[in-house]
Every structure is written in structure tokens, then in C-alpha cells.
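Below is one structure; the comments refer to it alone.
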Number of protein chains: 2
Amino acid sequence: MVVGSLSGADTDRVFHALADATRRDILIRVIRSGQSVSELARLYPMSFAAVQKHVAVLERAALVSKTRRGREQIVNGEVGALRRVSLLLDAYEEIWRQRVEQISAILDEE
Amino acid sequence: MVVGSLSGADTDRVFHALADATRRDILIRVIRSGQSVSELARLYPMSFAAVQKHVAVLERAALVSKTRRGREQIVNGEVGALRRVSLLLDAYEEIWRQRVEQISAILDEE
DNA sequence: CGAACCTACAACCATGTGGTTGTACGTTAG
DNA sequence: CTAACGTACAACCACATGGTTGTAGGTTCG
């Protein structure tokens, strides 16, 4: 069963994108305020190309988008995908809540 | 900066564990109701050992726990880790909200 | 124009991941 | 006790991932 509006593969991409500290850091920064790829690249102890790849992973997961500004490519946070996975996790918690409720009901019957 | 009570490596493990459709399915099932590893293994088109590995990934992420019941090992959902990553995502959305707010304030000044 | 800058992308390498099979061991049922 | 079941784990394989360097193209500045 698919929960919410995310296909399985989309969900895979979003969680995979979030499963790396550098990518989470990039995401927080660009959510706070859009930044160019080279601005981001200066922040981390790795090559420009490596940061470029991290941005590409976030982009494939629809967690960020890029827009040209002159010769720079500005990376911006996309809060929609974030909200969808957040709702997915809430759904998991809801299932848990139902389980606890059901167990309580059974205990009450006894 | 660390958000919430998760270290970076813990967060990596949780998101990585969630970045696979089989593992998410296992998680939903054991949250709904605890199941043995072999019960779970029967559900998926892969070997017992493969399912065992998926459970191990979920366990390392503290998303499930195992308890012996006779010769079976019962896998149960641990909703705590789930709640922590959910709060982390909420924090990201909050940063976004602040950004939007700040932009609105600047527009109001003009 | 020419130089510097920002980006894109290919090729390559080490390591991790997801799957397999096989073996071994504890536990329960008959 | 013996057989069957449930689990654990090692060894192995194909492929993805995260990093590197190098090359090339578009854009801005002097």
C-alpha cells in the first residue's frame, strides 16, 4: 500500500538524500536562504564536483531546485517533498497509536 | 549544529534504513503487530538471510527491537526513533517558515 | 577580445550495499 | 533422542555510492 502521494521510488530517493550529513547541511542552508553551488562548495572539505553531486542527489529527490542567476546556479530548498515524508512518518506513528489503542481495548474487556 | 537528540551518525542510520521499500514495509508491519523474522521472510521474494539483513539495518537504526519467544525472534516497532526524525523534519520546515516570514517582513517595509 | 569564474560531466577508484548460498547452533515437537 | 524449525553469520558477487581529477562550455569583467 502506498501512503500519501509519494511513489515508492520517490520515497527511496528522498530518504536516501537525507541519509547523509553533508546533504542535510546543504538542505538546511538553502532552505534558510538560496545559495550558489560554488558558495556551497566552499563550505565543505571536498571538491566542487563532490558538492555538485550532493546537490544533484537532493535535486533528484525534489528537495531542492536550481535557478540561473547570471553565471551562477542558485540552489533553493523545496519544502513540499519534505512535508510529504514528514506526513509519511506521521502515518507510521498513527498506526502505532492504533495498535496501542487496540491493546488497551482488549485489556479493558478482560 | 545538531538538531534534537540525534547524533549525525544516528540520523544517517535512520534515514538510510527508511530509504528502502522492503524495510519500510517491514517497519509498518511490525509497528502494527510484532512478527518473527521467519514470518516476515515468507512475505518477500527474497531469501531468509536477505530479510534478516533488512531487519538488522532497522535494528541498528533503533527503529525496531527484537525479543525472544521460544525459538522465534519477535521483531517489534520502536516508535521513538521515528518520532525523533519526524521532529527533525519539522525543524526544517520551521526554518522555511522563518524564511518566508522574514521575506514578508521585508516586503511590508517597502 | 581575453581572462577569470561558475558550472557540467565523463572517467576512474575504493568502499558499501543488497542479494545469494552454505554452514552451524539452539529450541521445540514427536 | 531425532528431526524439523528458527536463527545467526560468513563468504561471495554485482552494482551503486561518494570521492577524486580532468576537460569543456557558457557568462561576466576589464
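On a predicted model such as this, the values are computed, not experimentally measured, just so you know. A, B, ... follow the sequence lines: proteins, then strands. Residue 1 opens every chain.
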Donor-acceptor pair, B:R24 side chain versus A:G8 backbone, under 3.5 Å?
->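 Flag set: sc B:R24 to bb A:G8 pair under 3.5 Å.
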
Whole angstrom value for the distance that separates [atom2] of [N] from [atom1] of [X]:
X: A:Y44; N: D:dG18; atom1: OH; atom2: C1'; answer: 16 Å
X: A:L58; N: D:dT17; atom1: CG; atom2: C1'; answer: 14 Å
X: B:R60; N: D:dC9; atom1: CZ; atom2: C1'; answer: 13 Å
X: B:L18; N: C:dT17; atom1: CG; atom2: P; answer: 15 Å

Inter-residue atom distance [X].[atom1] - [Y].[atom2], 0.5 Å rounding:
X: B:S86; Y: A:L87; atom1: OG; atom2: CG; answer: 8.5 Å
X: A:R68; Y: A:I74; atom1: CZ; atom2: CD1; answer: 10.0 Å
X: A:L107; Y: A:Q102; atom1: CG; atom2: CD; answer: 11.0 Å

Give the B/S/- string for nucleotides 19-30 of chain D, one per nucleotide from 5' to 3', where a protein heavy atom under 4.0 Å of the base yields B, of only the sugar-phosphate yields S, and otherwise -.
-> BBB-----BB--

Does [N] have its OP1 or OP2 closer than 4.0 Å to a side-chain nitrogen or oxygen of [X]?
X: B:K66; N: D:dA8; result: yes
X: B:H16; N: D:dG18; result: no
X: A:S36; N: C:dC6; result: no
X: B:Q52; N: D:dT7; result: no

Are B:L89 and A:Y92 connected in a single hydrophobic cluster, I mean Ile/Leu/Val/Met/Phe/Trp/Tyr linked by side-chain heavy atoms less than 4.5 Å apart?
->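 Per the 4.5 Å side-chain linkage, A:Y92 and B:L89 are co-clustered.
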
Rounded to 10 degrees, the angle between the two terminal axes of the helix from C:dC1-D:dG30 to C:dG30-D:dC1, each from five pairs |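 End axes: 30° apart.
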
Taking only residues two or more places apart in sequence, or in another chain, which ones meet A:R42 in a salt bridge (Lys or Arg N to Asp or Glu O under 4.0 Å)?
->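 Partners of A:R42 by the salt bridge (Lys or Arg N to Asp or Glu O under 4.0 Å) criterion come out as none, since no residue qualifies.
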
Side chain to side chain, A:D10 and A:R84, heavy atoms closer than 4.5 Å =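 Side-chain contact under 4.5 Å: no.
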
If you check every side-chain atom of B:Q73, which of C:dA8, D:dT7, D:dG18 has the closest atom?
->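 Side chain of B:Q73 sits closest to D:dT7.
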
Could you tell me whether B:R97 and B:E93 have a side-chain N and a carboxylate O separated by less than 4.0 Å?
->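 No, this pair does not count.
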
